[in-house]
Amino acid sequence: MTSLRLPLFPLNSVLFPGLVLPLNVFEARYRAMMRDLSAVPEDDRRFAVIAIRDGREVAATAQGMPDATLPSADGPAAGFGDDPVQAFHTVGCIADAATIREKSSDDDTGYEILATGTTRFRLLSVDASGPYLTGELEELEDSEGEGAGALASGVVRAFRTYQKRLAWANERTLSSGQDLPADPSVLSYLVAAAAVLDVPAKQRLLEAPDTASRLGQELKLLRQESALLGKLPSLPAVDLTRQPTSPN
């Protein structure tokens, strides 16, 4: 399969195909990335989002970080060690920047970005020679796998139960009437994004070899989480449908 090279945007979260990603960009390396993306046609403003395995979204010298006494670090790979590729998970998601809005402050210019996940990729290598990281990527095909339709029906039921128990544990009213997608692949990504799971668990779902495998994992996770929620008195409020805005 032919590889491609795209700007690389590491995050402490996982992006899934079809899901919206809002970003607040203020760090120099990512501002440079968005300036370059703004200069290309709107239908080709793609960048690669990868979850951080070990490292930091924001360099230690970034404005507002509490550890300003640490030795200074700058450059595209700041915070990710001598070999950045080791700091990231292997599979990520290409994002299409539908909106890149420049915003100014007293100190500098930042960007507000609204992007959408499109295609999964495997990270082959990382280049730190420019103003920001770029990655050599291999796009991953999405195959349905065996039994995806039947698994999707089970996941819909399990997800509804999970939503109800989570709302009950948080003493919240569950909004009704939201239809889940019929397409098994789209459903698998929506549930993966909406479930309250840590980054490693979400990363495993992103890396699933096909839709059926992802749905099978989700069915097991949702049943486990629902059983746990049924035994807990209350949990901190969580918004299932809102993706966090990255402080980049």
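When a residue number appears, it is its place in the shown sequence, counting from 1. Because the structure is a prediction, the values reported are computed rather than measured.
Residues Leu206 and Pro17 share a closest heavy-atom pair of CD1-CD, 4.2 Å. Across all their heavy atoms, Arg29 and Pro131 have their closest contact at CB-O, 3.4 Å. Of all heavy-atom pairs spanning Leu6 and Leu137, the tightest one is CD1-CD1, 3.7 Å. The two residues Leu151 and Ala212 make their nearest non-hydrogen contact at CD1-O, 3.3 Å. Smallest separation of non-hydrogen atoms from Cys93 and Phe121: N-CE2, 3.1 Å. Taking each heavy atom of Pro209 and Ser143 in turn, the nearest pair found is O-OG, 3.9 Å.
With values rounded to the nearest 0.5 angstrom, Glu102 atom CD is found 10.0 Å from Arg31 atom CZ. Atom CD of residue Gln203 and atom CD1 of residue Ile52 lie 11.5 Å apart, to the nearest 0.5 angstrom. The distance from the CG atom of Leu133 to the CZ atom of Phe47 is 13.5 Å, given to the nearest 0.5 Å. In this structure, Ser188 OG and Leu215 CG are separated by 5.0 Å, a value rounded to the nearest 0.5 Å. With rounding to the nearest 0.5 Å, the separation of CG in Asp36 from OG1 in Thr134 is 11.0 Å. Here Ser13 contributes atom OG and Asp198 contributes atom CG; the two are 12.5 Å apart, rounded to the nearest 0.5 Å.
Checking side-chain atoms of Arg120 against main-chain N and O of Leu140 turns up no donor-acceptor pair under 3.5 Å. Looking only at distances, a side-chain donor or acceptor of Thr118 sits under 3.5 Å from a matching main-chain atom of Ile94. A donor-acceptor pair under 3.5 Å is absent between the side-chain atoms of Arg45 and the main chain of Ala98, judged by distance alone.
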Task: Working for side-chain contact (heavy atoms from CB on, under 4.5 Å), residues Val155 and Leu222 - done: CA-CA 8 Å; Val155 167; Leu222 290 170; 4.1 Å; yes
Open item on the list: Could you go through Phe16 and Lys202, starting from their C-alpha distance and side-chain angles, then the distance that decides it, and tell me whether this counts as side-chain contact (heavy atoms from CB on, under 4.5 Å)?
Closed with: CA-CA 9 Å; Phe16 294 94; Lys202 286 181 179 283; 4.0 Å; yes
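In the hydrophobic clustering of this structure, Leu187 groups with Leu219; members are Ile, Leu, Val, Met, Phe, Trp, Tyr whose side-chain heavy atoms approach within less than 4.5 Å, directly or through other members. Following chains of ILVMFWY side-chain contacts shorter than 4.5 Å, one can reach Ile100 starting from Leu8, so the two form part of one hydrophobic cluster. Cluster annotation: Val199 and Leu197 are assigned to the same hydrophobic cluster (Ile/Leu/Val/Met/Phe/Trp/Tyr, side-chain heavy-atom contacts under 4.5 Å, transitive).
Side-chain contact check for Leu37 versus Ile113: every heavy-atom pair is 4.5 Å or farther apart. Put simply, the side chain of Tyr111 does not reach to within 4.5 Å of the side chain of Leu23, judged on heavy atoms. Side chains of Leu221 and Leu205 form a contact here, defined as non-hydrogen atoms less than 4.5 Å apart. Using a 4.5 Å heavy-atom cutoff, the side chains of Phe9 and Met34 are in contact. Lys164 has its side chain out of reach of Thr161: every pair of non-hydrogen atoms, C-beta onward, lies at least 4.5 Å apart. Side-chain atoms of Met33 and Val25, non-hydrogen and from C-beta on, never get closer than 4.5 Å to each other. By the 4.5 Å heavy-atom criterion applied to side chains, Val20 and Leu114 are counted as neighbours. Side chains of Tyr189 and Asp142 form a contact here, defined as non-hydrogen atoms less than 4.5 Å apart.
Between the side chains of Gln163 and Arg160, at least one donor N or O lies within less than 3.5 Å of an accepting N or O.
Here Glu112 pairs with Arg101, Lys103 under the salt bridge (charged side-chain N to carboxylate O under 4.0 Å, His left out) rule; sequence neighbours left out.
Environment of CD in Glu146: sparse, with no more than 12 heavy atoms of neighbouring residues, nucleotides or ligands closer than 6.0 Å. Heavy atoms from other residues, nucleotides or ligands lying under 6.0 Å from CZ of Arg223 number 12 at most.
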Can I get a per-line list of side-chain donor-acceptor pairs under 3.5 Å for residues 76-90, giving both atom names and the distance, sequence neighbours left out?
none

